[in-house]
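First up is the structure itself, then whatever we jot down about it.
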Amino acid sequence: MALLTTPLLGQGVATRGVKPLPRPKPSGLPFHAYFTDVAAHAGLTAPIIYGGVDKKEYIIETVGCGVAFLDYDNDGWLDIFLLSGTRLGGAPKGATNRLYKNNRDGTFTDVTERAGLTHTGWASSVTAGDYNNDGFEDLFITYYGGQTLYRNNGDGTFTDVTADAGLSISGTAWGSGCTWVDYDRDGHLDLFVANYLDFDLKTAPKPGENSSCNWKGVPVNCGPRGLKTSLQRLYHNNGNGTFTDVSKLSGVSKATGGYAMTAVAADLDNDGWPDIYVACDSTPSFLFRNNHDGTFTEDALIRGIAVNEDGQEQAGMGVAIGDYNLDGNLDLFVTHFADDTSVLYEGNGKGTFEDVTLRAGLGVETRYIGWGAGMVDLDNDGWPDLFAGTGSVYPEVSRVLPEYPYKTPCVIFRNLGLFNGEVKFEELGKEAGPGISTARSSRGCAFGDFDNDGDMDVLLMNMNEPPSLLRNDVTGSDHWLKVLLIGTKSNRSAIGSRVTASYGGRVQAQEVTAQSSFYSVNDRRLHFGLGPAETADLTIRWTNGGIEHAAGVAANQLVVIEEGSGVVKKVKFTSARA
């Protein structure tokens, strides 16, 4: 079944004029997750500056940036890294990226200056991973006109090693999604960098100047259609702190004509080698399939994840990856523009995907522009749910067309499990808590357990406002399990390694990624809701292809598994409450 569409011509973004499908009768089932925004009490009070507040003259002001949950000091508690933009007239006071240390009591301390991470510019995305295998997570950030590699020194500080690593660039390329990926499985993390546009502020058109600068009759900032695309880059890790640009040699630079956004590296065809999927705005998305010889083939279209089931490109922004139907294969959830649906692609484990958006019940929501995306079990019932952060790019439009507000709520699709052989979802609103129903103009979001209480919290970037830290308070008796992998022969961050958990007759696959959602980084500890099951059997497939097993792992704990040594640590959490 295909949605009836009325394409809107003469505009810069792909939006299909889709009307929402009728909402079914509510299931009436209780939802045991409840979200409260505790950012202010946690100390996250500085606004994230990004472009104009009431008017956006250029597209550079609209896209926003990502966020990260990471444990930069290895103390077992998630810290927070927030990117920032600037303004056309110059950076106001406080416009900088920020690192917040977790105080283990529900609050955070801003340690940006001490850490050496102060930076002002049009930041886009972040990826976290241990590129030099020294045991500490490093950071790579993309910008408009540049990119930065920060080496984690292991003492709470970072050093900008971009030039020494051979990663310096300049010019008008607008860096977008980026991800660490050990594409050749040599134990060293390589780096993929997408670019959204080749954008020059000096020559960029003004609002209303041409057909790509108008939305629903309102003059708005121009693009992306009508603006120049850019190329994708791949850097090979030489194992000595430096990188070599292999974009041409690998074939990734052959993919042209796409407005590339979020990048996710994972094994999407189950051949044991990491592939790279890139959501593209208003153009078909990219899938760089790993050929096992240092090269990639772009074949998203024939694999079923370039466009939707109607064969139409969409405004791909965020990407979530997981196993929503518990068949042991990875699926994709991609967020899109208003007047369109987000899309759920079901993977068959053989490298091809099917658009199951309508069958799964997601066609009821078309009101919002979706950005950050998650496929994560929010209520620990054993079935992964879907989450989207939303927000408009046009503050001007809401003043003329109030049905298209600039600030909008988050979206949760609760996984109801199997009905007649298919998984169904139900959209939730205020019943999921004020953290979900509060309207914001959000972009990047990250998922992780910042208070170590066994459920998944959410961190949101909000345009020109402080971030949101949505504490999840799960009730009920369902169980959970967290798994932290440490590579020895594989890269130490275990990026690209997969854990398949068997529990209560169910099987769920998850993979360690270095970027997903929208330009963001999730908790590297994989989280499995187990429902009523009290144990799980784990199969670990390491990035280099090695297989290990851990049977009968007890629920409600974090297990640390080291490659070649099995479970080396078990941690029972003592919750912190904000």
Side-chain angles (χ1 to χ4, degrees), residues 11-13 46-67 82-97 119-125 141-146 172-177 195-210 212-216 218-228 230 259-262 281-282 315 317-318 337-338 369-372 389-400 404-408 440-444 460-467 518-519:
Q11 59 185 18
V13 293
I48 299 175
I49 303 300
Y50 223 98
V53 177
D54 300 317
K55 181 181 179 181
K56 304 288 189 182
E57 190 170 356
Y58 297 105
I59 193 172
I60 191 76
E61 302 177 76
T62 69
V63 173
C65 55
V67 296
L82 302 174
L83 298 180
S84 174
T86 182
R87 296 217 168 100
L88 294 175
K93 184 178 180 180
T96 178
N97 303 334
H119 191 283
T120 299
W122 296 103
S124 293
S125 80
I141 304 166
T142 60
Y143 292 88
Y144 167 51
T172 55
W174 180 356
S176 55
N195 285 285
Y196 185 44
L197 295 171
D198 187 348
F199 184 72
D200 191 343
L201 273 170
K202 297 178 181 178
T203 60
K206 296 291 184 67
E209 189 169 317
N210 59 49
S212 295
C213 314
N214 183 289
W215 199 68
K216 295 186 179 295
V218 181
V220 296
N221 64 85
C222 306
R225 286 175 172 167
L227 301 179
K228 187 179 179 181
S230 190
Y259 299 115
M261 299 200 96
T262 303
D281 184 6
S282 303
M317 267 92 84
F337 213 77
I369 299 176
W371 299 91
T390 75
S392 176
V393 296
Y394 303 134
E396 305 89 344
V397 169
S398 62
R399 296 193 289 270
V400 180
Y404 292 97
Y406 183 63
K407 297 181 181 181
T408 51
R440 316 168 183 88
S441 188
S442 301
R443 298 297 188 265
L460 285 160
M461 180 272 181
N462 300 321
M463 298 285 278
N464 290 308
E465 293 183 352
F518 177 73
Y519 291 179

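Both backbone and side-chain heavy atoms feed into the values below; hydrogens, waters and symmetry mates do not.
In this view, Asp198 and Lys228 satisfy the salt bridge (Lys or Arg N to Asp or Glu O under 4.0 Å) rule, not counting sequence neighbours. Evaluation of the side-chain hydrogen bond (donor to acceptor under 3.5 Å, both in side chains) rule for Tyr196 yields Asp281 as partners, not counting sequence neighbours. In this view, Lys55 satisfies the salt bridge (Lys or Arg N to Asp or Glu O under 4.0 Å) rule with no residue, not counting sequence neighbours. Judged as a side-chain contact (heavy atoms from CB on, under 4.5 Å), and not counting sequence neighbours, the contacts of Val53 are Arg87, Asn464. Listed by chain and number, the residues in a side-chain contact (heavy atoms from CB on, under 4.5 Å) with Pro219 amount to none (sequence neighbours excluded). Residues that satisfy the salt bridge (Lys or Arg N to Asp or Glu O under 4.0 Å) test with Glu396, not counting sequence neighbours, are absent from this structure. Legend: residues meeting ring-ring contact (aromatic ring centres under 6.0 Å, His included) with Tyr143, ordered by chain and number and at least two apart, are His119. For Ser392, the side-chain contact (heavy atoms from CB on, under 4.5 Å) partners at least two apart in sequence or on another chain are Ile369, Tyr394, Tyr406. Scanning for side-chain hydrogen bond (donor to acceptor under 3.5 Å, both in side chains) contacts around Thr408 gives Thr390, with sequence neighbours left out. By the side-chain contact (heavy atoms from CB on, under 4.5 Å) test, Ala204 is found to be paired with Tyr58, Phe199, residues two or more places apart in sequence or in another chain being considered. In this view, Ser442 and Asn462 satisfy the side-chain hydrogen bond (donor to acceptor under 3.5 Å, both in side chains) rule, not counting sequence neighbours. In this view, Tyr404 and Lys216, Asp339 satisfy the side-chain hydrogen bond (donor to acceptor under 3.5 Å, both in side chains) rule, not counting sequence neighbours.
Residues Met461 and Tyr519 fail the side-chain proximity criterion, which asks for heavy atoms closer than 4.5 Å. Residues Asn97 and Ser84 meet the side-chain proximity criterion, which asks for heavy atoms closer than 4.5 Å. By the 4.5 Å heavy-atom criterion applied to side chains, Val218 and Arg399 are not counted as neighbours. Proximity of Leu197 to Ile60: side-chain heavy atoms (C-beta onward) are nowhere separated by under 4.5 Å. Taking 4.5 Å as the limit, some side-chain heavy atom of Pro92 sits within range of a side-chain heavy atom of Ile49.
When each of Arg440, Lys407, Arg443 is paired with Glu465, the salt bridge (charged side-chain N to carboxylate O under 4.0 Å, His left out) condition holds for Lys407 and for no other.
Phe337 approaches Ala315 most closely through the heavy-atom pair CB-CB, 3.7 Å. Ala95 approaches Gly85 most closely through the heavy-atom pair CB-O, 3.8 Å. For Glu61 against Lys56, the heavy-atom pair with the smallest separation is O-NZ, 3.2 Å. The shortest heavy-atom contact between Ala46 and Pro467 is O-CD, 3.6 Å. Nearest approach of Val393 to Thr62, heavy atoms of both residues: O-CG2, 3.7 Å. In plain terms, the two heavy atoms of Ile59 and Cys222 that are nearest each other are CB-O, 3.6 Å.
A donor-acceptor pair under 3.5 Å links the side-chain atoms of Thr262 to the main chain of Met317, judged by distance alone. Although no hydrogens or angles enter the test, the distance criterion places a donor-acceptor pair under 3.5 Å between the side chain of Tyr259 and the main chain of Pro224.
Between the side chains of Ser176 and Ser124, no donor N or O sits under 3.5 Å from an acceptor N or O.
Interatomic distance, Thr172 OG1 to Leu201 CG, rounded to the nearest 0.5 Å: 10.0 Å. Going from atom CG of Leu227 over to atom CG of Asp200 covers 11.0 Å, rounded to the nearest 0.5 Å.
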